[in-house]
S.K.: 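I have a structure I would like to understand better, so I am pasting it below and will then ask my questions one at a time.
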Amino acid sequence: MRTTPDIPELRSLTEDADHVDVKVAEAALTLREYAAATLSWQPAWLTALFRVRDVFARGAGLETTAGRMGRRLRPEDVPFTPGAPVHFFTVTEAAEDRYLVLEAADSHLTAYLAIMARPDGDLNRFEVVTVVKYHRRLGSLYFNLIRPFHHLVVAGMARAGARAARGGRS
């Protein structure tokens, strides 16, 4: 039996999802500060991984990420307006200091990245949630091929956001 986290703001997305996972971090940051650090995290190995992915994506007729990554975000650069672009994502829903939901859609799958902020004393507890919905068989094949990297990438993003609170590199 597959279970999904009970996050009321995401219930409509998680109900029929093919994959849901949550990474958690705590930091003394606002949602905008955490989201900027999280979405800006791009070590060299990740850049290389996306380049390799783009080679295969072109061959499979999928969208590439070329030119839509790499810009370091400041908190004021993180949009909360539905339809606004953020790297290769689009904002679908947001509430200041509560949550930010981003979407990356292609013909084979739609992926959502949500960053939820929950006050916890002097800190915010951030949940970085990935929701994936397959559109066709290629979506399942593609996601299962990248799944090990996905977990490394999203966990790294969550940690990078928390490091920003300590003044560390993100």
Side-chain angles (χ1 to χ4, degrees), residues 1-47 49-50 65 68-105 109-134 143 146-170:
M1 182 173 136
R2 187 174 66 86
T3 62
T4 59
D6 186 23
I7 301 171
E9 299 89 345
L10 299 180
R11 199 168 287 136
S12 65
L13 291 179
T14 60
E15 284 176 344
D16 61 343
D18 294 299
H19 174 86
V20 178
D21 67 68
V22 181
K23 309 295 187 228
V24 178
E26 291 186 336
L29 296 171
T30 66
L31 176 57
R32 278 185 186 274
E33 292 167 335
Y34 183 83
T38 298
L39 294 168
S40 293
W41 183 73
Q42 191 176 342
W45 67 265
L46 181 58
T47 301
L49 195 61
F50 270 103
T65 57
R68 296 188 289 162
M69 293 183 61
R71 188 171 72 87
R72 186 166 198 77
L73 298 173
R74 298 170 304 183
E76 59 270 21
D77 296 332
V78 178
F80 275 63
T81 306
V86 182
H87 297 314
F88 56 84
F89 293 104
T90 301
V91 176
T92 61
E93 190 177 344
E96 192 73 44
D97 295 322
R98 292 185 44 225
Y99 63 91
L100 174 65
V101 181
L102 307 170
E103 174 186 88
L109 60 74
T110 298
Y112 297 90
L113 179 70
I115 304 173
M116 318 298 291
R118 304 202 190 284
D120 188 12
D122 293 338
L123 303 173
N124 265 326
R125 179 179 195 266
F126 294 100
E127 296 169 330
V128 181
V129 183
T130 304
V131 178
V132 180
K133 297 181 180 186
Y134 309 141
F143 189 74
I146 68 158
R147 187 185 305 248
F149 303 106
H150 161 79
H151 288 291
L152 292 172
V153 170
V154 178
M157 292 170 67
R159 286 190 305 271
R163 273 196 309 273
R166 298 186 296 270
R169 288 182 55 206
S170 61

S.K.: How are the rings of His19 and His151 set relative to one another: parallel (under 30°), tilted (30 to 60°) or perpendicular (over 60°)?
M.R.: perpendicular
S.K.: For residues Lys133 and Ser12, report the shortest heavy-atom separation together with the two atoms involved.
M.R.: NZ-O, 4.0 Å
S.K.: More than 12 heavy atoms of other residues, nucleotides or ligands under 6.0 Å from CZ of Phe149: yes or no?
M.R.: no
S.K.: Are any of the side-chain heavy atoms of Leu31 and Phe80 separated by less than 4.5 Å?
M.R.: yes
S.K.: Is there a donor-acceptor pair under 3.5 Å between the side chain of Thr30 and the backbone N or O of Glu33?
M.R.: yes
S.K.: Which heavy-atom pair separates Pro79 from Val91 by the least distance, and what is that distance?
M.R.: O-CG2, 3.5 Å
S.K.: Find the distance between CG (Leu152) and CD1 (Ile146) and round it off to the nearest 0.5 Å.
M.R.: 11.5 Å
S.K.: So do the side chains of Val20 and Val132 get within less than 4.5 Å of each other, counting heavy atoms only?
M.R.: no
S.K.: What I want to find out is whether Arg98 reaches Glu9 closely enough, with some N-O distance under 4.0 Å, to be called a salt bridge.
M.R.: yes
S.K.: Which pair of non-hydrogen atoms, one from Trp41 and one from Ala160, has the smallest distance, and what is that distance?
M.R.: CD1-CB, 3.4 Å
S.K.: Atom CG in Asp97, atom CZ in Arg32: separation rounded to 0.5 Å?
M.R.: 8.5 Å
S.K.: If I compare all heavy atoms of Leu100 with all of Ala35, which pair ends up nearest, and what's the gap?
M.R.: CD2-CB, 4.1 Å
S.K.: State, with a plain yes or no, whether a side-chain heavy atom of Val24 is found less than 4.5 Å away from one of Phe126.
M.R.: no
S.K.: Just verifying a value: how many Å separate Thr90 OG1 and Tyr112 OH, rounded to the nearest 0.5 Å?
M.R.: 10.5 Å
S.K.: Once side-chain contact (heavy atoms from CB on, under 4.5 Å) is applied, do any residues pair with Asp77, and if so which ones, sequence neighbours excluded?
M.R.: Arg71, Leu73, Arg74
S.K.: Does atom CG of Asp122 have more than 12 heavy-atom neighbours, drawn from other residues, nucleotides or ligands, at distances under 6.0 Å?
M.R.: no
S.K.: Looking at Thr38 and Ala158, what are the two nearest heavy atoms and their distance?
M.R.: CG2-N, 4.5 Å
S.K.: Could you give me the CA-CA distance, side-chain angles and deciding distance for Ile115 and Tyr99, then say whether side-chain contact (heavy atoms from CB on, under 4.5 Å) is met?
M.R.: CA-CA 6 Å; Ile115 304 173; Tyr99 63 91; over 6 Å; no
S.K.: If you round to the nearest 0.5 Å, how far is CZ of Arg163 from CG of Leu29?
M.R.: 12.5 Å
S.K.: For a 4.5 angstrom cut-off between non-hydrogen side-chain atoms, does Leu113 reach Phe89?
M.R.: yes
S.K.: Side chain of Tyr34, backbone of Ala25: donor and acceptor closer than 3.5 Å?
M.R.: no
S.K.: Just wondering, do Val129 and Asp21 contact through their side chains at under 4.5 Å, heavy atoms?
M.R.: no
S.K.: Which atoms form the tightest heavy-atom contact between Leu39 and Val86, and what is the distance?
M.R.: CD1-CG1, 3.7 Å
S.K.: Working to the nearest 0.5 angstrom, can you tell me the gap between Ser40 OG and Met157 CE?
M.R.: 9.5 Å
S.K.: Do any pairs count as a salt bridge (Lys or Arg N to Asp or Glu O under 4.0 Å) and have a residue in residues 148-162, sequence neighbours left out, and if so which ones?
M.R.: none
S.K.: Excluding sequence neighbours, so at least two apart, what forms salt bridge (Lys or Arg N to Asp or Glu O under 4.0 Å) with Arg125?
M.R.: Glu127
S.K.: CG of Asn124 to CZ of Arg118: how many Å apart, nearest 0.5 Å?
M.R.: 10.5 Å
